[in-house]
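Note sheet for the following structure.
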Amino acid sequence: MSVTILAIESSCDDTSAAVVRDGVVLSNCIANQEAHRQYGGVVPEVASRAHQANIIPVVDLALKKADVAREAIGAVAFTRGPGLLGSLLVGTSFAKAFALSLDLPLVEVNHMQAHVLAHFAENPKPPFPFLCLTVSGGHTQIVLVRDFLDMDIIGETLDDAAGEAFDKSGKLLGLGYPAGPLIDRHAQAGSPRFPFPEPSVPDLNFSFSGLKTSILYFLRKELAENPDFIRENLDDLCASIQETIVTVLIKKLRKAARKTGIRHVAIAGGVSANSGLRKALEAMGEKEGWTTYIPAFQYCTDNAGMIGVAAYYKYLKGEFCGQDAMPFAR
Ligand code: KG4
Ligand code: ZN
């Protein structure tokens, strides 16, 4: 069954549109919102307004890049949640209006499910069942994926997400937002010589809120003796923070793989762009005999390509939604 889907993603601060034909991404355009940098985090009101300004140009660009006319679109997909409600409303309303005007079916997509299914935008595609560590600015989950639309969260964070841990730690170091990629860059030039305690959390769950507190106390003590401590040790501090977060993530993933006996292991979400995590996954994979799956950078952070891929599998099952589908925050 051939179908060309226009997909819209607007859950946080990236406005994205993609054209996906039969599960193959033809275009994947993203408008990043620079406006949040000055505030050190995403300001929901600012995000909604920027989505409103970006959405039509981004959709036009996606259609143009894919060389697809509006009339060739067979379904419209959108992120329904989780995310910021004001942001989601912009993408949802746009998708509904587009579908209504061309009398097209609508497909609603769960953002977290789409991060997992981003793996099907590329080759090699993981076979079922596989485990996926989904690590983003808002979520940290270990997902047992039985089929395209059949997945269970078997572990998750009890407080901060991994991306949040990167961003909040970076803020303490005076780095801009989002700090994750900046920490990654500095870490590559540093060595992890400041050991921060790894939280001990039972089962397959995570906790990252204590890390930021221990970094805060550590910095306070060091800065009292040397006001230039951060500047003089920035690379090593970043390497230490990254190593702590990555170690926690990889150890839990190993626990999940041993517990379930599953040997196909993937990572997804914005933090899966982290060079330390990518290397650590490969190293652990070699040790434990896993086949590992790491997405291309364009499918790590928020993008509509993954929404279109997820929508394709829902389309095949006839899972459509009505014009009354409302966004959800969590
Ligand atoms: O998936 P995503 O784009 O948005 C959410 O759904 O939250 O993830 C954004 C998160 C941010 O916290 C950002 O700092 C983090 O992903 N991130 C990284 C890297 N690139 C993005 N964290 C560590 N290293 C990176 N290279
Ligand atoms: Zn995301």
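Atoms within each ligand, like the ligands themselves, are counted from 1 in listed order. In this chain, residues are counted from 1 in sequence order.
- Within the listing of ligand 1, atoms 1 (O), 5 (C), 6 (O), 7 (O), 8 (O) sit less than 4.0 angstrom from a heavy atom of Ser136.
- A salt bridge is absent between Asp203 and Lys255; no separation between the charged side-chain nitrogens and carboxylate oxygens falls under 4.0 Å.
- Ligand 1 is approached by His111 to a heavy-atom distance shorter than 4.0 Å.
- Numbered from 1 in the order shown, with element, the atoms of ligand 1 that lie under 4.0 Å from a heavy atom of Thr301 read 3 (O).
- Of the protein's heavy atoms, Gly137 N, 2.8 Å lies nearest to atom 7 (O) of ligand 1.
- The Zn ion (ligand 2) has an N, O or S atom of His115 closer than 2.8 Å.
- The protein heavy-atom contact nearest to atom 17 (N) of ligand 1 is Gly270 O, 3.6 Å.
- Within the 4.0 Å heavy-atom criterion, the part of Asp184 lying near ligand 1 is the side chain and not the backbone.
- Any N or O atom pair closer than 3.5 Å counts here, and Asp167 shares at least one such pair with ligand 1.
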**Prompt:** Taking it one step at a time, do Glu9 and Thr79 satisfy side chain to side chain donor-acceptor pair (under 3.5 Å)?
**Reply:** CA-CA 5 Å; Glu9 153 65 32; Thr79 305; 2.6 Å; yes
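- Geometric assessment of Arg278 against the ring of Phe297 yields a positive cation-pi assignment under the 6.0 Å and 45° thresholds.
- For the residue pair Arg263 and Glu288, the shortest heavy atom distance occurs at NH1-O, 3.6 Å.
- Polar contact with ligand 1: present for Asn274 (N/O pair, distance under 3.5 Å).
- Between Tyr293 and Tyr299, a ring centre-to-centre spacing not shorter than 6.0 Å is recorded.
- Ring pair Tyr312/Phe120: centre-to-centre distance not below 6.0 Å.
- Classification of the Phe148-Tyr313 ring pair by plane angle, with boundaries at 30° and 60°, yields parallel.
- Under a 4.0 Å criterion applied to the non-hydrogen atoms of Gly163, ligand 1 contributes the atoms 12 (O).
- Between the side chain of Thr140 and the backbone N or O of Ser136, no donor-acceptor pair lies under 3.5 Å.
- Close contacts of ligand 1 with Ala273, meaning ligand atoms under 4.0 Å from a residue heavy atom, involve 20 (N), 26 (N).
- Close to ligand 1: Gly138, with a non-hydrogen atom less than 4.0 angstrom away.
- Distances from atom 18 (C) of ligand 1 to the heavy atoms of Gly180, Gly269, Ser275 show the closest one on Gly180.
- Contacts between Asp302 and ligand 1, counted as non-hydrogen atom pairs separated by less than 4.0 Å, involve both the backbone and the side chain.
- Within His111, NE2 is the N, O or S atom that lies nearest to the Zn ion (ligand 2).
- Just one of Val145, Ile142, Leu117 meets the side-chain contact (heavy atoms from CB on, under 4.5 Å) condition when paired with Cys132; it is Val145.
- Asp302 has its closest N, O or S atom to the Zn ion (ligand 2) at the position named OD1.
- When heavy-atom distances to ligand 1 are checked against a 4.0 Å cut-off, His115 comes that close only through its side chain, counted from C-beta outward.
- A pairwise comparison of heavy atoms in Phe208 and Asp160 identifies CD1-O, 3.6 Å as the closest pair.
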